[in-house]
A.B. asks: 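Got a structure for you, written out below as structure tokens; questions coming shortly.
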There are 2 protein chains.
Amino acid sequence: MTVTARPAQETAAAPAHDRVYRALRTRIMHGEIAPGAALTLRGIGSEFAVSMTPAREAVRRLAAEGALFLSSSGRVTTPELTNERIEELAALRALLEVELASRALPRAHMALIDRLQTINSNVAEMVSKRDAVGYIRTNLEFHRTLYLRAQAPAMLAMAETVWLQLGPTMRALYGRLRRTDPPQNHRLIIAALKAGDEPGLRLAVRSDVTQGLRLLAG
Amino acid sequence: MTVTARPAQETAAAPAHDRVYRALRTRIMHGEIAPGAALTLRGIGSEFAVSMTPAREAVRRLAAEGALFLSSSGRVTTPELTNERIEELAALRALLEVELASRALPRAHMALIDRLQTINSNVAEMVSKRDAVGYIRTNLEFHRTLYLRAQAPAMLAMAETVWLQLGPTMRALYGRLRRTDPPQNHRLIIAALKAGDEPGLRLAVRSDVTQGLRLLAG
DNA sequence: CATACCGGCATGTGATCACAAATCCCGCCA
DNA sequence: TGGCGGGATTTGTGATCACATGCCGGTATG
């Protein structure tokens, strides 16, 4: 088939493997797939109406980012993380996101803070609706919006890779915990941004990032 | 063709795409390819006596790790980093490797320190021989040997990803700077390990990781 | 009733091919 | 002499196929 040249709308005319990659990536990052779930190349191919070739490329790419696990025989599943691995990834989030927030701080003007507050109200809504996927999505949007201001694309890419790896597990985790209180740490982050309080910001981000992942230790 | 089932020697019987991936990865990480150098799928395929399919998978995997750059039309080159990107990657190295070293410290016994000293003498030899690739290789071996003790595989994988991205640029950088003095920071690292001095270790690692990358700012 | 064997099916791997588009190079014209 | 157009070639993309292997059933046997 090759590229059918979208009549309009699309500016890039994305190749098939890229469309598949992006679709799967979003699904995994948002926790729409359970940990340990199996995928097949032919299954992916038929779902997106492509052959095995682009499906394979998308899967390889995701596996390289740690978003998928390839068994020794090549079978594809979402990763089932051990507690140790989860703690390590949480530590990575803390390390990377504290730095990103710190770099974003001097560039965070009122317009950005307003946007963060808007997003945060969406987060609160998702929490109250107990919409796990919606919560993960808006929560990541909150963090990404802040970190984009850091002007550090490589660092942001690494943070997103960690989110990807945690995706399926996040879903399982947030499904387990029944919370309806709004995200308190997000308010601390916004307050620290307003005050230009860097130590406070670092602490708030660290708490926000590690809070949800701690409860599995019990 | 498929797998020809190695008679012996190999424990894993690596698939073609994996062999290609590993070979290219080593080359790139060790700085054996110049920044901006072009690769072709057919070229890679014929070099490793495989078809385009495994070559493509290896390239995609490396591109996902940032080791290769794919132009919008799909052309494959090693990345040409801007100064900003190099500084960001150096900051990432500092962030990740300081943490890894810190986690390795409590587990660093004499046997490990001895091995580090042996590796370090190899580093010194490479420096005196002005062997850029050999220097990069032994230098990374020094760091990896230390960080393996941190028992943090995800964090180590991220650090290696950063090394990969810097590979081609490292070569160009170290080729430019004519140094023959042995690695002073490595000695500081070893001394801090012996003394169990965590702040000193963090500082030494940070200096070692950022030193070589600073000179481009001038 | 548990376990080991075995056959069929599902699945990943790699080769090959057709196609489109990007790139390159050479000659032409101003 | 320098820039530009156009055709040949290079190059990535995606589909399809043959094949080996691994997985999962049933069945027979202890």
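Protein chains get the first letters and strands the later ones, always in sequence-line order, with residue 1 at the start of each.
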A.B. asks: If you assign each of A/Arg75 and B/Met52 to its closest nucleotide in DNA chain D, which residue comes earlier from the 5' end?
C.D. replies: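 The residue whose closest nucleotide sits nearer the 5' end is B/Met52.
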A.B. asks: From D/dG14, D/dT11, C/dT13, pick the nucleotide closest to the side chain of A/Ala16?
C.D. replies: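 Shortest atom-to-atom distance from the side chain points to D/dG14.
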A.B. asks: So for atom CZ, which belongs to A/Arg27, do other residues, nucleotides or ligands contribute more than 12 heavy atoms lying within a distance under 6.0 Å?
C.D. replies: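 Atom CZ in A/Arg27 is packed in, count exceeds 12.
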A.B. asks: Please report the distance, rounded to the nearest Å, between CZ in B/Phe69 and C1' in D/dG12.
C.D. replies: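 Rounding to the nearest Å, CZ of B/Phe69 and C1' of D/dG12 are 15 Å apart.
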A.B. asks: Looking at D/dG22, I'd like to know if its phosphate oxygens (OP1 or OP2) sit under 4.0 Å from a side-chain N or O belonging to A/Ser73.
C.D. replies: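 No, outside the criterion.
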A.B. asks: What's the closest nucleotide to the side chain of B/Pro54 if the choices are C/dG14, D/dT11, C/dT11?
C.D. replies: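 Taking heavy atoms from C-beta onward, the closest nucleotide is C/dG14.
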A.B. asks: Starting at the 5' end of DNA chain D and moving along, which residue's nearest nucleotide shows up first, A/Ser71 or B/Arg60?
C.D. replies: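 Of the two residues, B/Arg60 wins.
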A.B. asks: Once you round it to whole Å, what is the distance between P of D/dT11 and CG of B/Leu70?
C.D. replies: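 Going from B/Leu70 (CG) to D/dT11 (P), I get 15 Å.
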A.B. asks: Whole angstrom is fine here: how far is it from CD1 in A/Ile44 over to P in D/dA15?
C.D. replies: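 Spelled out: CD1 on A/Ile44 to P on D/dA15 is 14 Å.
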A.B. asks: Is any side-chain N or O of A/Arg56 under 3.5 Å from a base N or O of C/dG14, one able to act as donor and the other as acceptor?
C.D. replies: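 Pair found.
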A.B. asks: Return the nearest nucleotide to the side chain of B/Val50; candidates are D/dG22, D/dT11, C/dA15.
C.D. replies: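 The answer is C/dA15.
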A.B. asks: Cut-off 3.5 Å, no hydrogens considered: what does the side-chain donor-acceptor table look like for residues 57-71 of chain A, sequence neighbours left out?
C.D. replies:
| residue | atom | partner | partner atom | Å |
| --- | --- | --- | --- | --- |
| A/Glu57 | OE1 | B/Arg60 | NE | 2.3 |
| A/Glu57 | OE1 | B/Arg60 | NH2 | 3.2 |
| A/Glu57 | OE2 | B/Arg56 | NH1 | 2.9 |
| A/Arg60 | NE | B/Glu57 | OE1 | 2.3 |
| A/Arg60 | NH2 | B/His17 | NE2 | 3.3 |
| A/Arg60 | NH2 | B/Glu57 | OE1 | 3.2 |
| A/Arg61 | NH1 | A/Asp18 | OD1 | 2.9 |
| A/Glu65 | OE1 | A/Tyr21 | OH | 3.4 |
| A/Glu65 | OE2 | A/Tyr21 | OH | 2.5 |
| A/Ser71 | OG | A/Ser73 | N | 3.2 |
| A/Ser71 | OG | A/Ser73 | OG | 3.1 |
| A/Ser71 | OG | A/Gly74 | N | 3.4 |
| A/Ser71 | OG | A/Arg75 | N | 3.1 |

A.B. asks: I want to check one thing: is the phosphate of D/dG14, taken as OP1 and OP2, less than 4.0 Å away from some side-chain N or O of A/Thr53?
C.D. replies: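 Answer no for this pair, as no side-chain N or O of A/Thr53 is under 4.0 Å from OP1 or OP2.
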A.B. asks: Just the rounded figure in Å: distance from P of C/dA15 to CD of B/Glu57.
C.D. replies: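 Those two atoms, CD and P, are 10 Å apart.
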A.B. asks: Any chance you could lay out the salt bridge (charged side-chain N to carboxylate O under 4.0 Å, His left out) test for A/Arg144 and A/Glu160, step after step, and finish with the verdict?
C.D. replies: CA-CA 9 Å; A/Arg144 180 167 23 230; A/Glu160 295 207 0; 2.7 Å; yes
A.B. asks: Give a yes or no on whether the backbone of A/Leu116 and the side-chain of A/Thr145 come within a donor-acceptor separation of less than 3.5 Å.
C.D. replies: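 Between the backbone of A/Leu116 and the side chain of A/Thr145 there is no qualifying donor-acceptor contact (under 3.5 Å).
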A.B. asks: Between atom CG in A/Asp18 and atom C1' in D/dG12, what is the gap in whole Å?
C.D. replies: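 Distance check: A/Asp18 CG to D/dG12 C1' gives 14 Å.
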A.B. asks: Using the C1' atoms of five pairs at each end, what's the angle between the two axes of the helix from C/dC1-D/dG30 to C/dA30-D/dT1, to 10 degrees?
C.D. replies: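 Result, rounded to 10 degrees: 30°.
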A.B. asks: Using side-chain heavy atoms (C-beta onward) and a distance below 4.5 Å, is A/Arg93 in contact with A/Thr210?
C.D. replies: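 No, every pair of side-chain atoms sits at 4.5 Å or beyond.
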A.B. asks: Give one of base, sugar-phosphate or nothing for A/Leu39, where a contact means two heavy atoms less than 4.0 Å apart.
C.D. replies: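 Touches sugar-phosphate only.
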A.B. asks: Can you see whether A/Arg202 engages A/Ser102 through a side-chain donor-acceptor pair at a distance of less than 3.5 angstrom?
C.D. replies: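 Yes, A/Ser102 and A/Arg202 have a side-chain donor paired with an acceptor closer than 3.5 Å.
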A.B. asks: Less than 4.0 angstrom between a side-chain N/O of B/Arg42 and OP1 or OP2 of D/dT9, yes or no?
C.D. replies: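 No, no such contact exists.
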